[in-house]
Amino acid sequence: QVQLVESGGGLVQAGGSLRLSCAASRTIFSDYTMSWYRQIPGEQRELVAQITRRGSTDYADSVKGRFTISRDNAKNTMYLQMNSLKPEDTAVYYCNAEGPHTSGWGQGTLVTVSS
């Protein structure tokens, strides 16, 4: 099973930026579709951004124009560049990988945006 570790979360003021990373191990990274989800306590986990094996991307309407998802298959790492952060972006962000036969989740990293 793919193992995922997120990093880069923290406290930032509204309008600031953060860069999240998701490192994968014990897998063929290029075979996986990679996604970022986020979850606020008491609310459902929602898809934020997704990048396919070919590099095609998709974003939630709430983050379009502000967030950028990317992947480096050679480094087995996925990134989420988060700009113009808003208080409503505050959540635990999770990395997800989906492959032909397996899938996995990271432990999550907390992003807190203050106003």
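Side chains included, hydrogens not; waters and symmetry mates left out as well; all remaining heavy atoms used.
- Note on Y37 and I51: separate hydrophobic clusters, where clusters join Ile, Leu, Val, Met, Phe, Trp and Tyr whose side-chain heavy atoms are under 4.5 Å apart, directly or indirectly.
- Counting only heavy atoms from C-beta outward, the side chains of V113 and K86 never approach each other to under 4.5 Å.
- In terms of heavy-atom proximity, A24 sits nearest to V2 at CB-CG2, 4.1 Å.
- In this structure the side chain of F67 reaches within 4.5 angstrom of the side chain of L85, judged on heavy atoms.
- In this structure, E6 and L20 have side chains that are not in contact, with every pair of non-hydrogen atoms separated by 4.5 Å or more.
- Using a 4.5 Å cut-off on side-chain heavy atoms (C-beta onward), M34 and N73 make no contact.
- Residues S115 and P87 approach most closely at CB-CG, 3.9 Å, considering heavy atoms.
- Nearest heavy-atom pair across M78 and S35 is CE-O, 3.4 Å.
- For the pair W36 and C95, the minimum side-chain heavy-atom distance is below 4.5 Å.
- More than 12 heavy atoms of other residues, nucleotides or ligands lie within 6.0 Å of CD in Q107, so this atom counts as buried by the packing criterion.
- Q13 CD: 12 or fewer foreign heavy atoms inside a 6.0 Å radius.
- Between the side chain of Y93 and the backbone N or O of G8 there is no donor-acceptor pair closer than 3.5 Å.
- In this structure, Y94 and Q39 have side chains that are in contact, with non-hydrogen atoms separated by less than 4.5 Å.
- Within the 4.5 Å cutoff, the side chain of W105 has heavy atoms near those of the R45 side chain.
- With no hydrogens or angles considered, no side-chain donor-acceptor pair links T68 and Y79 at under 3.5 Å.
- Screening residues 61-85 for salt bridge (Lys or Arg N to Asp or Glu O under 4.0 Å) gives D61-K64, R66-D89 as the qualifying pairs, with residues at least two apart or on separate chains.
- Hydrophobic clustering keeps V63 apart from V92 (ILVMFWY residues linked when any side-chain heavy atoms are closer than 4.5 Å, directly or through intermediates).
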